[in-house]
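Worksheet: one structure, shown below.
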Amino acid sequence: MGLLSLAIWTPIVFGGVLLALGRDEQAGMVRWIALVGALAGLAVTLPIYGGFELGTSAMQFVEKSPWIERFHIHYHLGVDGISLWLVPLTAFITVIVVLASWEAITERVHQYMGAFLILSGLMIGVFASLDAMLFYVFFEATLIPMYLIIGIWGGPNKIYAAFKFFLYTLLGSLLMLVALIYLYNQAGGSFDLLTWHKLPLGATAQTLLFFAFFAAFAVKVPMWPVHTWLPDVHVEAPTGGSAVLAAIMLKLGAYGFLRFSMPIAPDASHEWAWLMIALSLIAVVYVGLVAMVQQDMKKLVAYSSVAHMGFVTLGFFIFNDLGMAGAIVQMIAHGFVSAAMFLGIGVLYDRVHSRQIADYGGVVNTMPKFAAFALLFVMANCGLPGTAGFVGEWMVILAAVKANFWIGLAAASALIFGAAYSLWMFKRVYLGAPGNDHVKALLDINAREFLVMALLAVAVLYMGVHPKPFTDVMDGSVAELLRHVAISKLK
């Protein structure tokens, strides 16, 4: 079994064991098995980075074997510089979520931990699939554990939020399935993704394919105006669910644009780039303004995620190397920062059982260690230089200015809005005198919570100070993708 298969199936197997053998009365043992499974899943992803060859756009760690031979569907895996970092990022966030949920989840612990481990393997499968049908299976299968996580362990309106999440994402994916079947026939009965990248397609076909993929991936990102499911889901989801949703699941849609929309329909991608840029800027500016008026901390960070992901799609459709590399870096950075923001809110919610900003004030007086971490993550959310949040956004803004000054100026305004809503929330929640008796009674983070915050802080600072390992691996793949997209494939 290859490294990518190990990365996919190790957490899935551990998750299956927990579902089959775990019981509520064995909650302590279940948590340790889940942690071992998450750490094992992370461990098998590390050699993928260690053995990755720089300076090439070729797929590496390739595995291919027949799956459904009648339809020429293969179990075909591989990673390049675009997908490489998303694999260990997924495994790392899974470890963080298992640790963060250690005490917060007290009922059906084995099902909760099992669902997260299975979800982790499925998401890695999305990033590693080179067969379109295999991609589709993994892509859709991720909905099941997340639906259960929201619907079982969520808040008061969890059923509504779970259905909204499932229906939005499933309906968009149905059009993608139609596109996959069309491309299968055009390729002479092949689901090989790299073969599809070479298909000559007419202008009408490319446009229809572009919007079919747009329906699936834009909802997942989510782009404006199909973002309305995200705040509701974040508010109702348990803390771990929000962290994984923001840190990893939103990246599935962005990744789809790079693997499907742009290389398969390059002419349509160029033709409709103005629309993608416009929608991205609306997300960056308008949704940033919406975030400023939120009273619920989770909802504020949810809208913040939509704005930050707007930088990702903006960087893609500027069509230059700096913008695309910056967008991929932003995907990884947002994974660290958004997970940290949601888990921080979870720390407060576990103590006060409220996410309303008005119910806090002066938290720094009773939780100084936690407040220091929260300040770092808020600054990263603002895009402060020296943190992960700065690198990708700055690269995209530079690329946007290079392409068009006014696009760059609009994108740069997001830094102001991001600072406004992030610092406004920090001021009201953490600074000043203790706001009420609940705040006065708060206890600072324990050793486990400190470890979770510290791991994320190291990731945020390391990527901000030393982004070279993250950018070096993608240079060859980004250059090849841009070269490929620049070549017309019209019949």
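- Between Phe213 and Phe260, the angle of the ring planes lies from 30° to 60°, which puts this pair in the tilted group.
- In this structure, the side chain to side chain donor-acceptor pair (under 3.5 Å) partners of Asp472, at least two apart in sequence or on a different chain, are Lys468.
- Scored by the side chain to side chain donor-acceptor pair (under 3.5 Å) test, Ser422 finds Asn381 as partners (sequence neighbours excluded).
- Ring orientation note: the planes of Phe470 and Phe336 are nearly perpendicular, at an angle over 60° on the 30°/60° scale.
- Residues Thr239 and Tyr349 bring no donor and acceptor atom of their side chains to less than 3.5 Å of each other.
- Screening Val429, Asp359, Thr366 for a side-chain contact (heavy atoms from CB on, under 4.5 Å) involving Val439 leaves a single residue, Thr366.
- A tilted orientation is assigned to the rings of His308 and His334, their planes being inclined by 30° to 60°.
- Of all heavy-atom pairs between Asn365 and Pro434, the closest is ND2-CD, 3.6 Å.
- Here the shortest heavy-atom pairing between Ile93 and Ile248 reads CG1-CD1, 4.1 Å.
- The aromatic rings of Phe257 and Phe214 sit tilted relative to each other, their planes meeting at an angle between 30° and 60°.
- A cation-pi geometry, defined here as NZ or CZ lying under 6.0 Å from the six-membered ring centre and within 45° of its normal, holds between Lys220 and Phe139.
- Remark: Glu449 engages Arg351 in a salt bridge, criterion side-chain N to carboxylate O under 4.0 Å.
- Of the possible polar contacts, one joining the Lys251 side chain to the Ala246 backbone as a donor-acceptor pair under 3.5 Å is found.
- For CH2 of Trp394, the number of neighbouring non-hydrogen atoms (other residues, nucleotides, ligands) closer than 6.0 Å is 12 at most.
- Scored by the side chain to side chain donor-acceptor pair (under 3.5 Å) test, Ser338 finds no partners at all (sequence neighbours excluded).
- At least one donor-acceptor pair closer than 3.5 Å links the side chain of Thr169 to the backbone N or O of Phe166.
- Summarising the local packing, CG of Leu54 is surrounded by more than 12 heavy atoms from other residues, nucleotides or ligands at distances under 6.0 Å.
- Lys164 is linked by a side chain to side chain donor-acceptor pair (under 3.5 Å) to Tyr160, Asp232, counting only residues two or more places apart in sequence or in another chain.
- Shown here are the salt bridge (Lys or Arg N to Asp or Glu O under 4.0 Å) partners of Glu103, two or more places apart in sequence or in another chain: Arg448.
- Side-chain contact between Gln206 and His270: absent, with no pair of heavy atoms (C-beta onward) separated by less than 4.5 Å.
- With sequence neighbours excluded, the residues that form a ring pair (Phe, Tyr, Trp, His ring centres under 6.0 Å) with Phe116 are Tyr112.
- Atom OH of Tyr286 is surrounded by 12 or fewer heavy atoms from other residues, nucleotides or ligands within 6.0 Å.
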